[in-house]
Amino acid sequence: MNGKVLVTGGGGYIGSHCVLELLEAGYNPVVIDNFHNAIRGAHNMPESLQRVQDIVGKTIEFEEVDMLDHAALDKLFSKHKFSAVLHFAGLKAVGESVEKPLLYYKVNLTGTIQLLEVMNSHGVKNIVFSSSATVYGDPSYLPIDESHPVGGCTNPYGKTKYFIEEMIKDQCKSEKDWCAILLRYFNPIGAHVSGRIGEDPQGIPNNLMPYVSQVAVGRREFLNVFGNDYNTPDGTGVRDYIHIVDLAKGHIAALKKLEATSGCKVYNLGTGTGYSVLEMVKAMEKASGKEIQYKIAPRREGDIATCYADPALAKAELGWKAEYGLDRMCEDLWRWQSQNPTGFSTES
């Protein structure tokens, strides 16, 4: 792809790791973020991206833009010649989406509609969308492949991902020169091997592994395990965890695929292996050398028992598969957390 690649929400956990991989693969990313879930560093750039610049030794073009600001998006597209968009921006906490559904629909759906409108008006017709395995809802069979029914989502966050997928599919049907790849993530964890960038949730972590690592580093007293009466080997929820760097490399593979495809394609990004909450706790204890205290709590609304991918299609069509196993995921997560006990907010 000759033009620049727009990365929305590129200051976040997944976005920043993808920006790093884009730079290393020779792409020219332009990154936007509104700092909703990113710490502001020097030069009004997210601290995560400042560190990506240090790691890669290249300068990143960054602009502070909110997806709900149509005029700012239009101005951005007038300024740059984009060949494709990687769309990460959006709210992403399952629990919060149950409490604040209208906020999730407004930010995620309106923001994406405006992005697609501006892309269309400027003739940019290639997009990779950051979707989620939540679109599958409670699985009717395992492992989950891309033909598994979608739309039976158990929370508003998942519904926004499903609705956006449908919008993009419809746009590709109506305009035959549009090309889209929808990447359904399973559970990204870990960090870049440098330990300089990683997941830095603002407030109480909503995802398991950032919480576990904060317990290990002493920021939190114990982990709440939500439910131990699921129909799983140890009663706790089973998920498919994927190393963030593997996930980021999946986006490079998707960008390359966009150049040789038409219409809308869907791929799972997962490992194909499920681990329970208690197995993850044990793996993190091994990586950190720390005992991780936990208490059993009631199930969370919207949670399901088991979810893991069939990643065969991504291997066959994108030439991509996850390389890193559970030990490496936890070692890299611990390196990030131990070197940055309070995340990006202060240098360790």
Side-chain angles (χ1 to χ4, degrees), residues 1 5 7 14-15 17-18 20-22 24-27 83-88 125-153 158 161-162 164-173 175-190 238-275 304 306-326 328-329:
M1 291 198 174
V5 176
V7 183
I14 299 172
H17 282 80
C18 284
L20 191 156
E21 294 299 329
L22 283 168
E24 294 206 320
Y27 288 90
S83 57
V85 176
L86 294 185
H87 181 32
F88 299 100
K125 300 182 177 184
N126 295 305
I127 186 168
V128 177
F129 174 55
S130 162
S131 193
S132 166
T134 58
V135 301
Y136 294 120
D138 205 343
S140 52
Y141 61 84
L142 291 164
I144 300 170
D145 59 20
E146 290 82 355
S147 58
H148 185 289
V150 292
C153 308
K161 292 294 189 187
Y162 169 63
I164 292 167
E165 283 196 1
E166 292 296 297
M167 282 182 213
I168 294 172
K169 284 178 183 174
D170 288 341
Q171 181 61 17
C172 289
K173 276 182 200 156
E175 307 238 3
K176 301 303 180 195
D177 53 350
W178 270 68
C179 298
I181 292 181
L182 314 176
L183 296 178
R184 292 174 180 160
Y185 308 161
F186 281 70
N187 294 71
I189 63 168
V238 169
R239 298 289 181 272
D240 185 335
Y241 296 92
I242 174 172
H243 197 296
I244 186 65
V245 173
D246 278 331
L247 189 84
K249 286 178 176 170
H251 292 75
I252 307 301
L255 271 180
K256 289 177 179 166
K257 180 71 172 177
L258 275 181
E259 299 178 45
T261 194
S262 59
C264 187
K265 304 272 190 182
V266 181
Y267 300 101
N268 288 335
L269 293 186
T271 65
T273 302
Y275 293 101
I304 59 176
T306 302
C307 179
Y308 57 92
D310 179 349
L313 191 64
K315 184 178 181 186
E317 295 192 8
L318 299 181
W320 172 93
K321 72 179 181 70
E323 300 291 341
Y324 297 126
L326 182 57
R328 175 65 185 269
M329 296 181 214

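Residue numbers start at 1 and run along the sequence shown. Heavy atoms only: backbone and side chains are in, while hydrogens, waters and symmetry mates are out.
- How far OH of Tyr162 is from OG of Ser132: 14.5 Å, rounded to the nearest 0.5 Å.
- When all heavy atoms of Gly137 and Ile304 are compared, the closest pair comes out as O-CD1, 3.6 Å.
- Here the shortest heavy-atom pairing between Gly250 and Leu183 reads O-CD1, 4.3 Å.
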Working for side-chain contact (heavy atoms from CB on, under 4.5 Å), residues Val150 and Arg184: CA-CA 11 Å; Val150 292; Arg184 292 174 180 160; 3.7 Å; yes

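- When the side-chain contact (heavy atoms from CB on, under 4.5 Å) test is applied to Lys321, the partners found at least two apart in sequence or on another chain are Lys315, Glu323.
- Checked by atom type, the side-chain pair Ser130/Tyr185 shows a donor-acceptor distance below 3.5 Å.
- Expressed to the nearest 0.5 Å, how far NZ of Lys161 lies from CG of Leu182 amounts to 10.5 Å.
- Heavy atoms only, all atoms of each residue included: Ala248 and Cys18 are closest at CA-SG, 3.6 Å.
- Partners of Pro143 by side-chain contact (heavy atoms from CB on, under 4.5 Å), not counting sequence neighbours, listed by chain and number: Tyr308, Asp310.
- Looking only at side-chain heavy atoms (C-beta outward), Val135 and Glu166 stay at 4.5 Å or farther from each other.
- The shortest distance between side-chain heavy atoms of Glu21 and His17 does not fall below 4.5 Å.
- Using cut-offs of 30° and 60° on the angle between ring planes, the pair Tyr136 and His148 is perpendicular.
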Pair Phe129-Ile164, side-chain contact (heavy atoms from CB on, under 4.5 Å): steps then yes or no: CA-CA 9 Å; Phe129 174 55; Ile164 292 167; 3.4 Å; yes

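- The CD atom of Glu317 lies 9.0 Å from the CD1 atom of Ile181; values are rounded to the nearest 0.5 Å.
- The shortest non-hydrogen separation linking Leu86 to Val128 is CD2-CB, 3.3 Å.
- In this structure the side chain of Thr306 never reaches within 4.5 angstrom of the side chain of Pro139, judged on heavy atoms.
- Two rings, from His251 and Tyr27, have their centers 6.0 Å or more apart.
- If you take CH2 on Trp320 and CD1 on Ile252, they are separated by 13.0 Å, rounding to the nearest 0.5 Å.
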Test side-chain contact (heavy atoms from CB on, under 4.5 Å) applied to Val85 and Val7, step by step: CA-CA 6 Å; Val85 176; Val7 183; over 6 Å; no

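- Residues Ile189 and Ile244 have side chains not in contact (no heavy-atom distance under 4.5 Å, counting atoms from C-beta outward).
- At a threshold of 4.5 Å between non-hydrogen side-chain atoms, the residues Pro149 and Ser140 count as touching.
- Neither side chain, Tyr267 nor Glu146, offers a donor N or O lying under 3.5 Å from an acceptor on the other.
- A 4.5 Å side-chain heavy-atom check between Ile14 and Leu247 finds at least one atom pair inside the cut-off.
- Counting heavy atoms from C-beta outward, Asp240 and Cys307 have side chains that stay 4.5 Å or more apart.
- Shown here for Ile168 and Cys264, the closest heavy-atom pair between the two residues is CG2-SG, 4.4 Å.
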side-chain contact (heavy atoms from CB on, under 4.5 Å) assessment of Thr134 paired with Cys153: CA-CA 6 Å; Thr134 58; Cys153 308; 5.8 Å; no

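- Residues Val266 and Lys169 meet the side-chain proximity criterion, which asks for heavy atoms closer than 4.5 Å.
- Here CG of Leu326 is found 5.0 Å from OH of Tyr275. Values are rounded to the nearest 0.5 Å.
- Atoms OG and CH2, from Ser262 and Trp178 in turn, are 14.5 Å apart once rounded to the nearest 0.5 Å.
- In this structure, the side chain of Asp145 engages the main chain of Ser147 through a donor-acceptor pair within 3.5 Å.
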